[in-house]
2 protein chains.
Amino acid sequence: MPRVTDEYRAARRDEILTAAMRAFQRGGFHATSMADIIAESGLSAGAIYGHFEGKHAIIQSVALQVIGSRVGDLERAMARDPMPAPPGLVRVLTDGLVRDVGNASLLVQLWGEAVADDDIRALVYGVFTRLEAAWGAYLARWQERQHGASPAEAAAIATNQLPLYLAAAQGFILQSALMPRFDREKYLAAVEAHLPQ
Amino acid sequence: MPRVTDEYRAARRDEILTAAMRAFQRGGFHATSMADIIAESGLSAGAIYGHFEGKHAIIQSVALQVIGSRVGDLERAMARDPMPAPPGLVRVLTDGLVRDVGNASLLVQLWGEAVADDDIRALVYGVFTRLEAAWGAYLARWQERQHGASPAEAAAIATNQLPLYLAAAQGFILQSALMPRFDREKYLAAVEAHLPQ
DNA sequence: GTCTATACCAGGATAGAC
DNA sequence: GTCTATCCTGGTATAGAC
């Protein structure tokens, strides 16, 4: 019998994680100290270390949440019937991002972090691989259904289009995080107008 | 009269910068300590600090070099006559990157760093703004020359296409840095096949 | 200008009381 | 589980000799 309920523990963990996300969004992973996270959460050092092994574990958990939800959003959208047109997937991804995280800067930080941190890199690799597989399958299915392509043709077309669709999603994330006057609707309109169906 | 020639100083600076770039590429800005840079350069702490105020200054200089050269490449390509087709600019940018830096991971790190570091952010903002202006002007000129669009039409089309071209360049950089089986030629072929002319 | 040795401190993590 | 107070390491930067 645990001394407190699992729900309580989970809620506290989440509280800490949310505070950490806010702090990281402002200052970045490294410039944000444990003291900052402690202050942001309104708790104390002891409370934090009761729920996380350390700063590294917090970063990991934040990463998993931010990046994992993106993949989940996509896979769900891909399973919908009728299928949304491929450019719609870019919108799904970015909607989910705004809803859960507020902005894309955490994701951009994660990409940068993947260079230095093996765990984050593994996470990012894994996500990119899943994204590639799911999006590729989606594009192929779209070709078959909408254009009556044979499976072989459809696969070839999908493979060809895939890197650009990934780039469209990545470009959105990067530009929304780092371009001063980014216009979300203008971007999505360009995707819809120019990327191949 | 300086005690050593300016050429000597510049060469040393460059030597240190190159060593730092190698180290940063492997381990990231933060996980790389001054001790690592010192070891990588084969010099000593005293030597390094004789040329740079500190680690921050080194990062700044690396950033300026990596990111500044990219913009230079593009602006030069854009001034060429006859104009390369717009997708060719993506190739120019990535060629320069490979030539100067070897891989794109430093650039991805810089993007992540822009969240936390005001100086880096200002640098990245500035570059994105120049890129936007130059590439936008280029796309407009291309529309006028190749398709006989009026200046107003050309400007509208360019504004519409611009975010996708930026995304194509950004996607290349990100995917080449973080996707295990990235295929450069496949990517560029997709850009050439699908992005609007 | 460059070297070695070292001062100094930020900040992650722990101890022990409650 | 949470708090406050504190320890201690890693890492930046400097001092002083050459």
Side-chain angles (χ1 to χ4, degrees), chain A residues 1-24 26-63 109 113 115-120, chain B residues 1-24 26-63 109 113 115-120:
Chain A
M1 194 77 154
R3 301 172 54 121
V4 300
T5 63
D6 286 358
E7 291 75 35
Y8 179 85
R9 278 200 71 82
R12 252 293 130 91
R13 248 187 86 94
D14 208 64
E15 202 179 321
I16 295 168
L17 234 39
T18 313
M21 277 176 53
R22 283 195 302 271
F24 288 150
R26 279 202 307 275
F29 294 135
H30 296 284
T32 300
S33 67
M34 284 303 278
D36 294 329
I37 297 176
I38 290 162
E40 181 75 39
S41 70
L43 300 173
S44 65
I48 308 279
Y49 282 94
H51 292 267
F52 291 91
E53 291 232 327
K55 187 179 178 180
H56 195 248
I58 296 180
I59 295 178
Q60 292 280 106
S61 298
V62 166
Q109 281 188 67
E113 206 56 22
V115 173
D117 182 318
D118 289 341
D119 296 319
I120 304 280
Chain B
M1 193 74 155
R3 300 172 55 118
V4 299
T5 64
D6 286 357
E7 291 75 33
Y8 179 85
R9 278 200 71 82
R12 254 292 131 92
R13 248 187 87 94
D14 208 63
E15 201 178 322
I16 295 168
L17 234 39
T18 313
M21 276 175 52
R22 282 195 302 272
F24 288 149
R26 279 202 307 274
F29 293 136
H30 295 284
T32 300
S33 68
M34 285 301 280
D36 294 329
I37 298 176
I38 289 162
E40 180 75 38
S41 71
L43 299 174
S44 65
I48 308 279
Y49 282 94
H51 291 269
F52 291 93
E53 291 232 326
K55 188 179 177 179
H56 194 249
I58 296 180
I59 296 178
Q60 293 278 107
S61 298
V62 166
Q109 282 189 66
E113 206 57 22
V115 174
D117 182 318
D118 288 341
D119 296 319
I120 304 280

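In the text below, chain A, chain B and the rest are named by the order of the sequence lines, each starting its count at 1.
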Q: Ignoring the backbone of Ser44(A), work out which of dG1(D), dT2(C), dT2(D) is nearest its side chain.
A: dT2(D)
Distance-only donor-acceptor hits, side chain of residues 12-23 of chain B, under 3.5 Å, sequence neighbours excluded:
unit_1   : atom_1 : unit_2   : atom_2 : d
Arg12(B) : NE     : Glu15(B) : OE1    : 3.2
Arg12(B) : NH1    : Tyr8(B)  : OH     : 3.3
Arg13(B) : NH2    : Ser61(B) : OG     : 3.4
Thr18(B) : OG1    : Asp14(B) : O      : 2.6
Arg22(B) : NE     : Glu40(B) : OE2    : 2.7
Arg22(B) : NH2    : Glu40(B) : OE2    : 3.4

**Q.** Those residues of residues 16-23 of chain A lying under 4.0 Å from DNA chain C by at least one heavy atom
**A.** none
Q. With sequence neighbours left out, what residues match Glu113(A) under side-chain hydrogen bond (donor to acceptor under 3.5 Å, both in side chains)?
A. His30(A)
**Q.** Rounded distance (nearest 0.5 Å) linking atom CD1 of Ile120(B) with atom CZ of Phe29(B)
**A.** 6.0 Å
**Q.** B/S/- contact track for nucleotides 9-18 of chain C, protein heavy atom under 4.0 Å
**A.** ---SBB----
Under 3.5 Å, sequence neighbours excluded: what are the donor-acceptor pairs made by side chains of residues 43-53 of chain A?
unit_1   : atom_1 : unit_2   : atom_2 : d
Ser44(A) : OG     : Ala47(A) : N      : 3.4

Q: To the nearest Å, give me how far apart CD1 (Ile48(B)) and C1' (dG11(D)) are.
A: 15 Å
Q. What's the shortest heavy-atom distance between Val115(A) and Phe24(B), and which atoms?
A. CG1-O, 4.3 Å
Q: From the options dC3(D), dG1(D), dG1(C), select the nucleotide whose nearest atom is closest to the side chain of His51(A).
A: dG1(D)
Q. Phe29(B) CZ to dT12(D) P: how many Å, rounded?
A. 14 Å
Q. Quick one: are Ile59(B) and Asp119(B) in side-chain contact, heavy atoms under 4.5 Å?
A. no
Q: Measure the shortest side-chain to side-chain distance between Asp36(B) and Arg26(B) over non-hydrogen atoms and say whether it is less than 4.5 angstrom.
A: no
Q) Which whole-number value in Å describes the distance from Ile38(B) CD1 to dA13(D) P? A) 10 Å
